[in-house]
Structure formats: structure tokens, C-alpha cells
Student: 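Please find one structure pasted underneath; my questions will follow.
Quick note: numbers below take in every heavy atom, side chains included, and nothing from hydrogens, waters or symmetry partners. So that the names make sense, note that chain A is the first sequence line, chain B the second, and so on, each numbered from 1.
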Amino acid sequence: MSSPLTQSLNPEQARATTLPNEHALILAGAGSGKTRVLTTRIAWLLQQGHVGAGGILAVTFTNKAAKEMKLRLTSMLPVNVGAMWIGTFHGLCNRFLRAHYKLAGLPQTFQILDTQDQLSAVKRLCKQFNIDDEQYPPKQLSWFISACKDDGKRPKDVEANDSATRKKVELYQLYEEQCQREGVVDFAELMLRSYELLRDNDELRSHYQRRFQHILVDEFQDTNKLQYAWLKMFAGASSSLFAVGDDDQSIYAFRGARVGNMADFVRDFSVQHQIKLEQNYRSYSNILDSANELISHNQRRLGKNLRTDQGAGEPVRVFEATGDLAEAKWVVDEARQLYREGQNGDSTRGVPRRSEIAVLYRSNAQSRVIETALFNAGVPYRVYGGLRFFERAEIKHALAYLRLMENPLDDTSFMRVVNFPPRGIGARSIEQLQDAARSAGVSLYSAVHHITGKAGTNIGGFVAKIDVLREQTVSLSLSETIKLVLEHSGLLEHYRTEREGADRVENLEELVNAAESFVTIEGFGKEAQALPDGAFQQADSEDEVMSPLAAFLTHAALEAGDNMADAGQDAVQLMTVHASKGLEFDAVFITGLEEGLFPHENSQSDADGLEEERRLMYVAITRARKRLYLTHSQTRLLHGQTRYGIKSRFLEELPEECLRWITPKNQGFQSNFNTPSAYKPYEDWPARKSISEAAPSLAPKASDVQGLQKGMKVFHTKFGEGAVLSLEGAGLDARAQINFSRHGTKWLALSVAKLTVI
DNA sequence: TCCAGCCACTTTTTT
DNA sequence: AGTGGCTGGA
């Protein structure tokens, strides 16, 4: 307890950090020093001699978090982080499967399919079996397969009561066979295969259970069913599972995360100590109180209230714009002002760097307007999200050549580059090859010998080229190998002659650099090195070190890299709310706070969806340290159409005393239009339209709203005749659901829509 | 076989 | 509006 490691911790943090060897759940609110507690606990356990480095298993969701944890640990203690298992779920599964590839039934050179690869594998499968892709869209199939695996289900475990599901399960089965034949695993398979291996192999399981005395999990609220089961497999009778999470920040239910794992954990492991970290070190109280008040509207919570010792700080500013461009311009002006004040040395009002300003939005489509405004104002910015380095087409092409050299069974990679750059191998030749491969039961690569004629010659040339590349590079370094492949594959040449290919050539050159720094910084083969205690040598060959190329390919699949846009320059940060999780900024702008957008219309149908949206808003608010701005717009261009938005309900759920409305509150579009407002708009009012499509809210109730009643026939200037289905809200928020004879059912805001009773 | 133009799609995302 | 995938003509 008196360790200097824990001296600067508050009592709750110190208690969590120094818990005895037992299972524990730490409810760590936003900005409460969660990562600090996690790393300090590991350091403390090691320092007190409770466990050796080899006995630690620490799991995170992102590579960034894993890296951060390792970095902080090395700064706390002189410790060999390589001896600990610290990494992402998938990274650790990879390490595990590489060590026991034989037991797992995988080739040593197994390749990892990312989401794109998985989709193309599914498409190939569907084509082969003549699946109607209208009825079974490959994307959905791919999603279905991943969802089954995330649920821990093999095809035989999936309950199929209708013919469509039975078909999907059948395809899932075929997909599995295809992957197995080709020696590839997708992301979910990494998890499921490791889980099953542990479950079914008693000797292996007890070995690992004895080994890992302390298992620590970050962001526990984001674990899915399989990940929780996986953790349970590793946790033996003498292991302690230390889970850190925040149910209020669970925003990934849509991809299978189960907040319920927190309650299950408490029950399954008879957790004695649940410690709440409620002291927030990040935000001023106006911001924190807003977050607390907002999240209190959620019913299903474990319950937690953040407090701060910092003062009230600036009020949260709310701005209503007339249009999305005006909104963006206002944000940019305000951001510049903050930066200017920071430059003048005013650290309470301004921000020292542009990178301390974040502009958040609910969906990616909203970034464009903000980018335009920033660009026009000459403000440097950086957009997160979008394609990352290893996901770019040219990089994936290059990697496909490399993967094929490493594992000729990989048909996905074969298909990607067999005719890229174009070398006269068309659909017919490919079909011939696929038929031959299928009837001989071999890979496309080895089926080339069965093909004769022109197709045979062309494809034969391609295969020969791969063989030659493999031989030529056998004694070359990794970066030299890649350089040679880029030249001899014709990829560089192809992009050099392409009009818009300069960026792609640059990226390919960057790939060579990435390989160089991978070897020097990361070392290679690290993932597959021997277990320290040397167990299981009889069963598997943990001592066989991966080739640098194999390690690099794994790295590329598991860590897609940054999107490398303007790194280095001090720039305003643009990202979705999801992407902002785990980050913090001096100033945060949350934009597009309109019904249907945030909360998003697709999430409003059920209460759970709405609660997740609210948690999303909670995450967004708690990113801010000093200044928080909330903006919404009366009109917005979305998918090429003007939409009229209603102010988000979340704005109403914030404590009034923390807010300052820059524009008068409760001004609907109508009243603004009639009474030119006190503030000066950035642009002229948009041409008036009489449509407003608002999302339905949860419970329609009112029977008579603004002279309308259910069942009335109405006329609308654009949609024509219709019947009122339901009514809700009052005053400026009043809405009517109307079934138009020619345009279907729509929700209209009565303050905007021009309706006549007929 | 290749390229151009047309059509459908559009919440959030890590590995 | 913008993009990615697919079809049909050269």
C-alpha cells in the first residue's frame, strides 16, 4: 500500500490498484484515470512480487491502447514487456494460434482476412454456388457469418427455423470449408478458434490457466459474448480477473458488444469488490454536470455520478444555425477565435494548439461541409476515419503478391492480382481455372497445370512470376523483397503511367519504408517466440520463428495503420463521436444535434437504441476539458436533399444553468423566418420549402394538434393528398404522420409544413 | 478484354 | 452529392 507507485493516486484509485488476488470490477467513469489504474496495478503486482511478468495477461481493444499501456509500464518499472501478454484480443489470439498452429489445425503460414478480404471471399463463394445476390447480399452474409462467430456459434450451432436462415447457415459452412482449404482466418475466427482450442484441450487450458495469474481487461463494456467466454477460458482457479469498464460509455452494441457482460461477470465470478472511480480529472463542472444530467435519463445503468474539483468553467454554448454551411462557418470562426486567444497567452479562454480543438459529428457524411468551411478559412485540419494505410487498394495489391508468395493456397489474394495490373486474363480464363481447381480439389494456384491453350499460357506466366519472385527474394531483406516485388509485379509501372497515380506510387514507396521501420523498431517474429516456461514443446513448435515477411503481413492485417493525412502539422481534429472515444481535448464542438441525426433515426425505433445514442452523446460531452459547444441547424443537405431538422432532444436533457444559448432558445424555423432574429446570419435564408421530414418519436399521444385530428384528409403542396395517421408533440415541435396517396408515409413538422384540411 | 457510363447505396467501427 | 460496383459497347 505504501508503494511510491500509488502515492499520487486518490483513495479509490489506490484501493483498486492494490486489491488482493481476487476478481474485481472497476467502474471507471470518463476521465477518472482508468488507464492509469490499469497500468499502475500491473506495475504494483510485479513490484510487490505477487506475479512475474510471464503471469500477466492484459487485453485491450485497440492497438493504440495496448501500445499506450506498454509505454506507461516501461516508464514506471524496468520491466520486460515482451514477457507479458499485452495486446488486443485479436493480436493475442494471433500470438496464441501461431504458437499452437498444429493443434489449432492451421498451416503455419496462415493469413488473416480483414473485412474487405472476407467480403471478397464470400462473393467468390456465392458466385461459385450460383447464389442469388439479391436474395442473399454478400455483405449481409459476411455480416451474418461474423455475427455467428462473435456469438461463439459454428454452423451446426446456429438455430435455423426458416429456409432463408438455413441457406445462410449452409453458406456459412461452405465459407468455413473454403477458408480452411485456403489457409486463411478472418478476425472473428481468430477469437473463436483460440477459444475452442482452449475449451477442448484440457492440458493446454490448464497450462495457460496456471500461467496467467492476473488477467486485466480494458473497456470491458465493449466485450462481446465470445470475448467474455474467451476470458473465462484463460481464467483458472488461481487467476484473478480485473475488469475495467464504464457502462455509460458502451457504444458498440451494434457490433455485438454486451454491456450485460459486466453484470454476468459479477455473478459468474462472485466478484466481491466493485470499485467506482467517480473523481473526474478532465473537465470543468459545467461540462461534467451536463454529462451527468444527460446520462441520468437512461434507465438501464449501473449508476455512477462523476464529480470534479475544478470550478464551473465556461458555460456550455449552444448555437442554432440556419443551415449546415452556416453551422460549419460558425464553428470555424469560433475555433479560430479560441486559437487566437490561446496564441495571445490566454490559457483559460483559448487553446494552445489547434489539435486541442475537436469537431465531432454523428456520421461521416457530415464532415464534408465542415471540411469545406475549414478549407475556405485556411485552417489546417485532420480528418480521422476513412481508408487507412493498409486498406488502400494499391497497398492491398502489393500485399496480395506477398501473401501469395508466402501462401499459394490463398485464393483471395490470387484473385485480387491475377489480372492486376492487366495482363490479358479475363473472366473466361478465370472461370476455366476455377472449374479445374474445383474438380481437382486444389487451389487456383496449383490448378494452373490443368489449363491448356491461351488462358493456360497467360495464367501460367502469372504463376511462374510468383514462383520466380519467391526464389529471387529468398535471401533478401524484407524491404528489399517488397521493392523487388513492386517492380517485377508491374504495380509501380502501372501506377506511374496512370494519370492520377502519383499518390498511389507514393504510398507504395511508403510501404517499403514501413517495412524497413517494422524490422528495426518492432523486430520480427516476436509474436511467435517461445513461451518463457518452455511448456508444450512436444505439441507445437513455438520455437519456430516466423519469417520477417510473414510477421509483416500479420502486422498489416491486424494493425491497419493510420490514415496518414497531414500527420505532424498542428491541425483541428475532425472525427465521428465513435472515433473520439478515449480521447480528450481542450475544446470540443458537437455538431448536427438534430432529431434523426443525433439521435440517429435508425436508432430510435427501440428504447435500447435511444439509450445507446444517449451514451454516445455522453461520450462526446465528456471529451471536453475546458470548452464545449453544441450546435444544430435548421436545414441540412443530406444525400442531395434539404432536410429540416428539429433540435435534438438531448439539448433538452441538459441542465439549463450550465448552458448559454448563443441563439434564442426554442426558435423553430417558422418563427425565425417571420421575425428576423437578433443575431446576424452568415448567409441568406434558404429558399423556403414546405417539407419537413422528422423522425417519429416514441409515443404518439395527442389527439388534436393545431387543428388536425387523426383520420383527417389533408393537402400538401408537394406531396398532394394524404390522411393523418397520428399526431404528437405541441407548439413548434408538433408533428404529424401522414400517409400520402402518391408519396407514402411521412412525418411532417407542423411548424414548417404547409397543410390544408380538405 | 477493357473501359466508360449508369445505378443503387448511404450510422456508428476495431480487429 | 459522392462513391463503388456492375453492365454493355468498342
Student: Is A:T115 side chain donor-acceptor paired with the B:dT13 base, going by distance under 3.5 Å alone?
Tutor: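 Between B:dT13 and A:T115, which were checked side chain against base, a qualifying N/O pair under 3.5 Å is absent.
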Student: How many whole angstroms separate atom CG of A:N224 from atom C1' of B:dT15?
Tutor: 11 Å
Student: Any N/O pairs under 3.5 Å between the protein and nucleotides 10-12 of chain B? List them or say none.
Tutor:
unit_1, atom_1, unit_2, atom_2, d
B:dT11, O4', A:H600, NE2, 3.2
B:dT11, O2, A:R362, NH1, 3.2
B:dT11, O2, A:R362, NH2, 2.2
B:dT12, OP1, A:N364, N, 2.8
B:dT12, OP1, A:N364, ND2, 3.1
B:dT12, O4', A:R362, NH1, 2.9
B:dT12, O2, A:R362, NH2, 3.0

Student: Which residue lies toward the 5' end of DNA chain B, A:V577 or A:R423, if each is placed at its nearest nucleotide?
Tutor: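 Counting from the 5' end, the first nearest nucleotide belongs to A:R423.
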Student: What is the nucleic acid contact for A:A188, judged by heavy atoms within less than 4.0 Å: base, sugar-phosphate only, or nothing?
Tutor: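 No contact.
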Student: Using a strict cut-off of less than 4.0 Å between a Lys/Arg side-chain nitrogen and an Asp/Glu carboxylate oxygen, indicate whether A:R403 and A:D410 qualify as a salt bridge.
Tutor: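 Counted as a salt bridge, because a side-chain N and a carboxylate O are separated by less than 4.0 Å.
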Student: B:dT15 P sits how many Å from A:Q227 CD, rounded?
Tutor: 12 Å
Student: As a test of reading the structure: which of B:dT13, B:dC2, B:dT15 is closest to the side chain of A:P422, going by heavy atoms?
Tutor: B:dC2
Student: Ignoring backbone atoms, test whether A:S429 places a side-chain nitrogen or oxygen under 4.0 Å from the OP1 or OP2 oxygen of B:dT1.
Tutor: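 For B:dT1, OP1 or OP2 has a side-chain N or O of A:S429 closer than 4.0 Å.
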Student: Does the A:S648 side chain pair with the main chain of A:L593, one donor and one acceptor, at a distance under 3.5 Å?
Tutor: no
Student: Without decimals, in angstroms, what is the distance between A:F420 CZ and B:dC2 P?
Tutor: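 Taking atom P of B:dC2 as the reference, CZ of A:F420 is at 11 Å.
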Student: Would you mind reading off the distance between A:L92 atom CG and B:dT14 atom C1', rounded to a whole angstrom?
Tutor: 14 Å
Student: Let me know the distance between CD of A:Q116 and P of C:dT3, rounded to the nearest Å.
Tutor: 16 Å
Student: Do A:R255 and A:Y252 meet the cation-pi criteria used here (NZ or CZ under 6.0 Å from the six-membered ring centre, within 45° of the axis)?
Tutor: yes
Student: Is the closest basic N to carboxylate O distance between A:E391 and A:K396 below 4.0 Å?
Tutor: no
Student: Counting heavy atoms from C-beta on, name the nucleotide in B:dT14, B:dC2, C:dG2 closest to the side chain of A:N419.
Tutor: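 Nearest to the side chain of A:N419 among the choices is B:dC2.
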Student: Nearest whole angstrom, please: distance from the P of B:dT15 to the OH of A:Y195.
Tutor: 24 Å
Student: Regarding A:I425, tell me which of base, sugar-phosphate or nothing describes its non-hydrogen contacts under 4.0 Å with the strands shown.
Tutor: sugar-phosphate
Student: Let's go through A:Y195 and A:R193 carefully: what are the C-alpha distance in whole Å and the side-chain angles of both, what is the deciding distance for side-chain hydrogen bond (donor to acceptor under 3.5 Å, both in side chains) to 0.1 Å, and is it a yes or a no?
Tutor: CA-CA 5 Å; A:Y195 162 75; A:R193 189 80 65 126; over 6 Å; no
Student: State whether A:F390 and A:R392 meet the cation-pi test: NZ (Lys) or CZ (Arg) under 6.0 Å from the six-membered ring centroid, and within 45° of the perpendicular axis.
Tutor: no
Student: How many whole angstroms separate atom CG of A:L119 from atom P of B:dT15?
Tutor: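 Taking CG of A:L119 and P of B:dT15, I get 19 Å after rounding.
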Student: Within less than 4.0 Å of OP1 or OP2 of B:dT14, is there a side-chain N or O belonging to A:R388?
Tutor: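 Looking at the OP1 and OP2 atoms of B:dT14, one of them is under 4.0 Å from a side-chain N or O of A:R388.
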Student: In whole angstroms, how far is the C1' atom of B:dT15 from the CG atom of A:L113?
Tutor: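 Roughly 12 Å, once rounded to whole Å.
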Student: How would you label the contact of A:D222 with the nucleic acid (heavy atoms, under 4.0 Å): base, sugar-phosphate, or nothing?
Tutor: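 Touches nothing.
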Student: Can a side-chain donor-acceptor contact be found between A:R98 and A:N94 if the only test is distance below 3.5 angstrom?
Tutor: yes
